[in-house]
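See below for the structure under consideration.
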Amino acid sequence: MTDVNQSQDTPSSHGGGGSEGAAARDIADVAAVEVITAAAVHLMSAAAVKCGLAEDSEAAGHLDLDEARKLITALAALVTASAPDIGNQHARSLRDGLRSLQLAFREASAVPDAPGEGPGEKFTGAVS
C-alpha cells in the first residue's frame, strides 16, 4: 500500500537519471483534449474551494473571492478558446461547470457584479 501523502516528485524526475526523456515520451502520448480537460478541472476545483463550495468545514474557511475571480476568468478563457478544438462533448461539460462556478461566485459575493462584469463574463457573456 502506498502512502497517500508520498510525493510523486523524486530527484530523478527533475533532471537526474535520464527520466526527462521518459517524461517527454509520457506527455507525448497524452491527447491535447486530456491535457486541456485536466487543466480545466484543476481550475474548477481551485475556484470551487475559493468560492466556499468545499464540503468539509475546515476547507469552507478558504473563501477568497478575489482569487476565485482570477481562477474563473482563467477557466473561462481556456474553455472559450479551446471549445472549437476539443469537441462539443467535452466543451459542453466544461461550460456547464464554468457556469455553475460563475453563479456560485455571484451568490457568494456581498456586492454582485453588474451583468457582463462577473468573473469570466468578458469571454462567456453575461450569466444569469
Side-chain angles (χ1 to χ4, degrees):
M1 179 174 225
T2 54
D3 182 6
V4 177
N5 296 322
Q6 185 178 14
S7 174
Q8 295 290 339
D9 293 331
T10 60
S12 64
S13 68
H14 294 290
S19 65
E20 285 180 21
R25 282 190 302 276
D26 289 344
I27 198 72
D29 293 336
V30 179
V33 68
E34 291 181 41
V35 174
I36 293 166
T37 303
V41 168
H42 285 293
L43 289 168
M44 281 183 189
S45 297
V49 170
K50 298 295 184 179
C51 282
L53 299 176
E55 290 184 14
D56 64 0
S57 59
E58 184 178 314
H62 295 291
L63 180 69
D64 186 340
L65 295 181
D66 182 51
E67 289 289 303
R69 178 181 298 276
K70 294 171 190 171
L71 292 162
I72 294 169
T73 299
L75 175 63
L78 176 63
V79 170
T80 303
S82 64
D85 298 320
I86 64 174
N88 192 43
Q89 177 184 357
H90 295 287
R92 186 177 332 125
S93 60
L94 294 178
R95 280 192 295 263
D96 289 346
L98 170 60
R99 183 175 184 279
S100 295
L101 286 169
Q102 288 172 311
L103 292 173
F105 181 93
R106 187 173 298 268
E107 286 181 24
S109 181
V111 180
D113 294 315
E117 298 295 320
E121 289 183 353
K122 67 181 173 183
F123 298 105
T124 65
V127 174
S128 58

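Position 1 is the first residue of the sequence, and the numbers go up from there.
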Heavy-atom pair of closest approach, residues [X] and [Y]:
X      : Y      : value
Cys51  : Ile72  : SG-CD1, 4.0 Å
Leu65  : Ala108 : CD1-O, 3.6 Å
Met44  : Leu94  : CE-O, 3.4 Å
Ala39  : Leu78  : CB-CD2, 4.1 Å
Phe105 : Asp113 : CE2-OD2, 3.6 Å
Ile36  : Ser82  : CG2-OG, 3.6 Å

Check: [X] side chain, [Y] main-chain N or O, donor-acceptor pair, under 3.5 Å:
X      : Y      : value
Ser45  : Val41  : yes
Arg69  : Gly120 : no
Glu121 : Pro115 : no
Ser93  : His90  : yes

>> Can you tell whether the side chains of Asp66 and Lys70 come within less than 4.0 Å, N to carboxylate O?
In response: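 Salt bridge present between Asp66 and Lys70.
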
> Same cluster for Phe123 and Ile86 if Ile/Leu/Val/Met/Phe/Trp/Tyr side chains link at under 4.5 Å?
Replying inline: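 No: no chain of side-chain contacts under 4.5 Å links Phe123 to Ile86.
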
> Quick one: which of Val127, Leu71, Leu75 gives a side chain to side chain contact (heavy atoms under 4.5 Å, CB included) with Leu101?
Replying inline: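 Only one of Val127, Leu71, Leu75 forms a side chain to side chain contact (heavy atoms under 4.5 Å, CB included) with Leu101, namely Leu75.
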
> How long is the span from the CZ atom in Arg99 to the OG atom in Ser128, to the nearest 0.5 Å?
Replying inline: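 Those atoms lie 6.5 Å apart.
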
> CD of Glu34 to CD1 of Ile27: how many Å apart, nearest 0.5 Å?
Replying inline: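 The distance works out to 9.5 Å.
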
